[in-house]
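Read the numbers this way: they start at 1 and go in the same order the structure lists the ligands and their atoms. Keep in mind the model is a prediction, meaning the values are calculated, not measured.
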Amino acid sequence: MLNLFRRAMNILFVYPQYPDSYWSFRHALRFISKKASFPPLGLITVSAMLPPTWNKKLVDMNVAALQTKDLLWADLVFISAMNIQQESVDKIIGECVKKRVKIIAGGPLFTQESDNYPQIDHFILNEAEITLPLFLKDLASGHRPRRIYKTDGYAALTLTPVPDYHLLTMKAYASMNLQVTRGCPFACDFCEITSLLGHKVRMKDTHQVIKELEALYRLNWRGQVFIVDDNFIGNKKKIKNNLLPAMKEWMQNHEYPFSFNIQSSINLSDDEELMALMIEAGISSTFIGIETPEEISLEHCNKVQNQNRDLLQSVRKIQNAGFQVSAGFIVGFDSDTPSVFQRQIDFIQQSGIVSAMVGLLNAPKNTMLYQRMEVEHRLTTTSSGNNTDLSMNFIPKMNIHDLLDGYKSIIRNIYTAKPYYERIRQFLMNYRRPTVSRRQVKFSNIVAFFKSNLIIGIANKGQGEYWKFLIWTLRKRPGLFIDAMTFVVYGYHFRTVYGLMTRDDD
Ligand code: SF4
């Protein structure tokens with residue numbers, strides 16, 4: 001490889017395909033003629049860490065097919081993946097092996113499952129800011145690089161470069177993404193984030209984040225930007241004092257070109273000043289892990305931040321501050337009883353949380369839950385990484401058939417057309433879109449509207465509810481028509497993913 005290193009190497013980044021899942025939003029994307037929700041941020045960040053003289057090319061298989069000529073061009077193929085992309089990963093590896101291209105792999109799937117991939121030539125695991133320079137150093141010095149580069153340490157994010165956004169075909173994506181922090185101060189027992197990224201919240205400097213916004217702006221991106229941090233408010237003090245005022249100023253100076261989406265813990269509701277600052281900086285929605293309204297299950301899974309509070313009230317406070325709230329819910333806790341299913345349905349319907357991701361509990365490797373299931377000899381397989389595909393990787397306490405029936409009843413009762421549109425109405429009645437995130441009608445909105453009339457209003461089940469909802473929105477909340485239509489196409493995606501389009505439930 002030394003000879004290769006001396007010339008400009010050809011690096012092919014390959015991002016595996018996602019299956020059709022809740023998170024893929026594939027069926028909603030067709031309305032706005034986009035191919036994927038988000039670009040592969042990890043790979044374009046790694047790209048920016050490689051020597052600038054190397055030639056780089058990205059194939060995101062969610063956007064374009066991987067072609068033989070790309071593999072023949074490449075000296076090295078870099079793959080990054082999550083568990084949910086395993087099937088596509090296997091195909092890519094097969095192609096690379098056939099073409100004898102060396103594979104370098106990193107990211108959450110390989111960090112946890114490197115033993116399962118004997119065909120991979122080199123693993124750059126954990127934090128690339130630490131492990132990638134070691135690999136590059138060995139490569140440059142003429143030593144045969146080690147097979148595995150890993151570390152127990154956590155990198156300072158001040159070392160992280162601006163991602164190579166220019167490698168992306170931006171128009172194929174519904175949203176761009178960027179990272180501000182890594183790590184989460186909490187310790188929910190089913191969550192793998194803290195084993196991968198630690199409890200200490202590490203943060204980029206404010207000027208780094210602003211540089212990333214500038215980079216996106218200069219590449220003419222306008223619209224949604226997802227801040228991928230697992231808990232954006234992990235270090236409230238720093239984001240309040242430094243980051244948010246700078247973001248607000250930048251957004252004002254650039255006439256609010258972006259609308260930010262984040263993930264946060266529910267204790268956001270306890271800090272009105274923080275919420276106001278976030279809204280002023282252009283953050284318009286947040287995803288929150290609510291998991292369950294059952295206090296005993298929250299205790300068992302160590303979700304301390306959700307305990308001893310009126311969860312519904314907390315959600316309302318966040319919505320009233322101007323945020324759209326989406327949330328995750330889980331069934332399958334040891335303490336769940338048959339009444340949990342109706343309690344989840346009631347909570348979701350009352351909350352006006354339109355995008356409610358309900359999943360079955362799973363125990364990813366390196367979590368406290370996994371360790372407990374191992375000790376109790378209840379593990380059955382590895383987690384698929386898709387918690388809406390009806391799979392569990394351990395034996396639940398509740399009879400599995402009752403659990404699956406209950407799970408399906410939640411999905412039916414929140415995603416068939418009638419209750420779904422009811423939930424959007426509930427949300428729209430209380431929602432006031434903040435002035436800073438006013439939405440302009442674009443040509444793509446008009447196209448999406450006509451497509452939805454055809455696809456949802458004529459060609460599929462639940463048409464009656466669709467037209468009733470449109471008329472209601474035009475009469476009661478005309479100023480929120482674009483938001484309403486966005487939720488309508490999300491609903492089409494959810495019903496398709498959950499197989500509700502072919503049932504007689506509407
Ligand atoms: S708050 Fe979220 S990111 Fe943090 S440990 Fe819990 S589930 Fe994981």
Keeping the roles fixed (side chain from R182, backbone from A156), state whether a donor-acceptor pair exists under 3.5 Å. no
Sidechain-backbone polar pair: T496 side chain, Y492 backbone, donor-acceptor under 3.5 Å: yes
Report yes if some heavy atom in the side chain of F487 is under 4.5 Å from a heavy atom in the side chain of Y420; otherwise report no. yes
Side chains of F394 and E376 in contact at under 4.5 Å (non-hydrogen atoms): no
Q112: which residues meet the side-chain hydrogen bond (donor to acceptor under 3.5 Å, both in side chains) condition with it, sequence neighbours left out? E192
Would you check, one step at a time, whether the test ring pair (Phe, Tyr, Trp, His ring centres under 6.0 Å) holds for W250 with Y217? CA-CA 11 Å; W250 188 90; Y217 187 82; 5.8 Å; yes
What does the 4.0 Å heavy-atom contact list look like for ligand 1? C184, F186, C188, C191, D230, K303, Q305
